[in-house]
Asker: 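Below is a structure I'd like to ask you about.
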Amino acid sequence: MIVADSECHAEIKSYLPFTRGGVAGPETREEHREGQARRGPRGPSAFIPVEEILREGAESLEQHLGLEALMSSGRVDNLAVVMGLHPDYLSSFWRLHYLLLHTDGPLASSWRHYIAIMAAARHQCSYLVGSHMTEFLQTGGDPEWLLGLHRAPEKLRKLSEINKLLAHRPWLITKEHIQALLKTGEHSWSLAELIQALVLLTHCHSLASFVFGCGILPEGDAEGSPASQAPSPPSEQGSPPSGDPLNNSGGFEAARDIEALMERMRQLQESLLRDEGASQEEMENRFELEKSESLLVTPSADILEPSPHPDILCFVDDPTFGYEDFTRRGTQAPPTFRAQDYTWEDHGYSLIQRLYPEGGQLLDEKFQAAYSLTYNTIAMHSGVDTSMLRRAIWNYIHCVFGISKNGRADFDSYSLLWKANALSLGKLQSMSTEYDDYDYGEVNQLLERNLKIYIKTVACYPEKTTRRMYNLFWRHFRHSEKVHVNLLLLEARMQAALLYALRAITRYMT
């Protein structure tokens, strides 16, 4: 990933079809439209009208590019432009991204980029694979390795098994997988190297979800045309839809849907304040019901299965291995991961802090930046407490990865946000963890079916994401709010996979 230099604002402006003042410049608007049609989609996303990115993101992004965390040579890339719709989060993201890939660490820089290639290839993410291939060569990587995994060192090839499990079924990771990598021998990993590699793998898996979920387009050539392979199935690509800031809101019907959602949120908050929650047994049943119902939340059967490109397939072992529902009919499901048994706050964070202290703090900040991010708005409404909605999205993502928040919650301590609106993030961190169960009945009340389909697709098999899925959920919300959903997806998915991996390391160490 390439971040912005001081010239990025001019580059962002180049996405405009004509100048803000309405002057078409050397070519007329008609000539520009004809040229646009010849060149294909322009702008950073196939899903989001470039006008909205300029309207909502360019000024904020420019203001944040001077941060030390964003200082790097190069040019702004499309991923950064879209993520820049939420510049406070982008700052936290880039700090960890820069640490993982560009600062001193246990692994050589070229090895890190090769690991990123391996991770992105699991989801056929040509955008990330191409970016890291370039950086691999720039950091002195051996071009022979880019011919495929079979040309890479045995030590890197040994990561293939845990790479595929982290990408698709992290609940299958055991201490034996960790032991096999750390076992003394010629191609063994040190614990410090392995921790950095695992964080990098989960970082790139979840980043692939963001790329597909937001329809990020390759940067393209000097003419502005995209690269040959876009991130979504060809039948769903093409020019980004034009629309108003509320994403083709649909008038009175959309307004009614928004009011209904806000009313459900109000009722749930009042119920919680009156301590009218369900019993422990009932909440356990609701989690199991939600987990079972997630089996029915799948992409449409007519979605074309993307064909792996040979240039990407060469970095993948066992390419047919993919996500399978945590609870499948007629099969023995693995035990549910109980949040009270292994939490990010009490277990995962402390382990990483011991073994990879620089990364632990930045990871924690990035998780919190995404979860606590709010502008107190929903579509055209302002002054709205959105914490309950954000919590439902986060917990639903963990649910499809088999993690239950019944019992002592780790990141669910953020449920305190709606009870104490004035709490800042710093104050929240200083508060003790509460023994609070999550009522999964909230998920069904707050998340519409189209949103569930989108979330599960982007989190579990992002390469199947289509623009139609993106357009169907929250039709009345702003595109920046949909990008916020993708930030929650990115971070909740990464935290879920890391929890499984770190639990395996903890068991290996004890």
Side-chain angles (χ1 to χ4, degrees), residues 1-4 8-9 11-17 36-37 39-62 75-87 89-90 93 120 123-131 206-221 223-248 306 454-455 457-458 462-475 477-490:
M1 174 181 166
I2 307 172
V3 291
C8 87
H9 192 51
E11 183 167 336
I12 296 172
K13 282 185 175 181
S14 73
Y15 285 127
L16 280 171
Q36 179 87 342
R39 289 191 296 263
R42 293 190 66 193
S45 168
F47 299 167
I48 307 171
V50 67
E51 293 84 359
E52 174 146 344
I53 293 174
L54 265 294
R55 178 169 46 244
E56 295 199 22
E59 183 177 351
S60 296
L61 180 60
E62 182 189 31
R75 58 181 178 81
V76 67
D77 66 8
N78 288 343
L79 191 151
V81 172
V82 174
M83 202 175 276
L85 288 169
H86 302 284
Y89 170 82
L90 176 61
F93 170 86
H123 288 306
Q124 305 168 37
C125 186
S126 58
Y127 181 92
L128 293 178
V129 169
S131 172
S206 58
L207 194 55
S209 285
F210 184 86
V211 168
F212 285 108
C214 293
I216 305 296
L217 291 170
E219 277 69 38
D221 57 28
E223 292 294 315
S225 59
S228 58
Q229 188 171 352
S232 293
S235 60
E236 294 288 347
Q237 280 296 6
S239 300
S242 60
D244 56 44
L246 294 182
N247 191 24
N248 298 313
Y454 178 82
I455 286 174
T457 303
V458 175
E463 60 276 9
K464 295 183 180 181
T465 307
T466 66
R467 191 170 67 202
R468 184 171 183 272
M469 289 181 198
Y470 176 91
N471 288 338
L472 282 177
F473 85 92
W474 281 5
R475 289 174 296 170
F477 282 60
R478 296 179 184 274
H479 289 280
S480 59
E481 292 170 310
K482 294 191 172 192
V483 173
H484 189 183
V485 170
N486 277 276
L487 298 182
L488 291 169
L489 272 160
L490 187 163

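A quick note: this is a predicted structure, and the numbers were derived from the prediction, not measured.
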Asker: Any donor and acceptor pair, going by atom type alone, linking the side chain of Glu52 with main-chain N or O of Pro49 inside 3.5 Å?
Answerer: no
Asker: So do the side chains of Phe47 and Asn471 get within less than 4.5 Å of each other, counting heavy atoms only?
Answerer: no
Asker: Return the minimal non-hydrogen interatomic distance between Leu128 and Ala208, and the atom names on each side.
Answerer: CD1-N, 3.7 Å
Asker: Could you check whether any side-chain heavy atom of Val458 comes within less than 4.5 Å of a side-chain heavy atom of Ser209, counting everything from C-beta outward?
Answerer: yes
Asker: I need the Ile48 CD1 to His479 NE2 distance, nearest 0.5 Å.
Answerer: 7.0 Å
Asker: Which atom names give the shortest non-hydrogen contact between Pro44 and Ile53, and what distance separates them?
Answerer: CG-CD1, 3.4 Å
Asker: Identify the heavy atoms of Arg467 and Ala46 that sit nearest to each other, and give their distance.
Answerer: CD-O, 3.3 Å
Asker: Scan the side chains in residues 80-87 for donor-acceptor partners under 3.5 Å anywhere in the protein, sequence neighbours excluded, and list what turns up.
Answerer:
residue, atom, partner, partner atom, Å
His86, ND1, Tyr375, OH, 2.8
His86, NE2, Ser480, O, 2.7

Asker: Are the side chain of Lys482 and the backbone of Phe473 linked by a donor-acceptor contact shorter than 3.5 Å?
Answerer: yes
Asker: Can Ile455 and Leu488 be said to form a side chain to side chain contact (heavy atoms under 4.5 Å, CB included), step by step?
Answerer: CA-CA 10 Å; Ile455 286 174; Leu488 291 169; over 6 Å; no
Asker: At their closest point, which heavy atom of Gly43 faces which heavy atom of Leu217, and how far apart are they?
Answerer: O-CD1, 3.7 Å
Asker: A side-chain contact here means heavy atoms from C-beta on lying under 4.5 Å apart; do Phe210 and Leu489 qualify?
Answerer: no
Asker: Give a yes or no answer on whether the side chain of Gln124 reaches the backbone of Glu463 with a donor-acceptor pair at less than 3.5 Å.
Answerer: no
Asker: Just checking, is any N or O donor in the side chain of Asn486 or Tyr454 under 3.5 Å from an acceptor N or O on the other one?
Answerer: yes
Asker: Taking all non-hydrogen atoms of both residues, which atom of Asn78 and which atom of Tyr127 are closest, and how far apart?
Answerer: N-OH, 3.6 Å
Asker: Output the distance between atom CG (Leu79) and atom CD1 (Ile216), rounded to the nearest 0.5 Å.
Answerer: 5.0 Å
Asker: Do Tyr470 side-chain atoms and Thr465 backbone N/O form a donor-acceptor pair below 3.5 Å?
Answerer: no
Asker: With Ser206, which residues qualify under side chain to side chain donor-acceptor pair (under 3.5 Å), at least two apart?
Answerer: none
Asker: Using the rule given for side chain to side chain contact (heavy atoms under 4.5 Å, CB included), can you reason through Leu207 versus Phe93, listing the C-alpha separation, both sets of side-chain angles and the distance that settles it, and then say yes or no?
Answerer: CA-CA 10 Å; Leu207 194 55; Phe93 170 86; 3.7 Å; yes
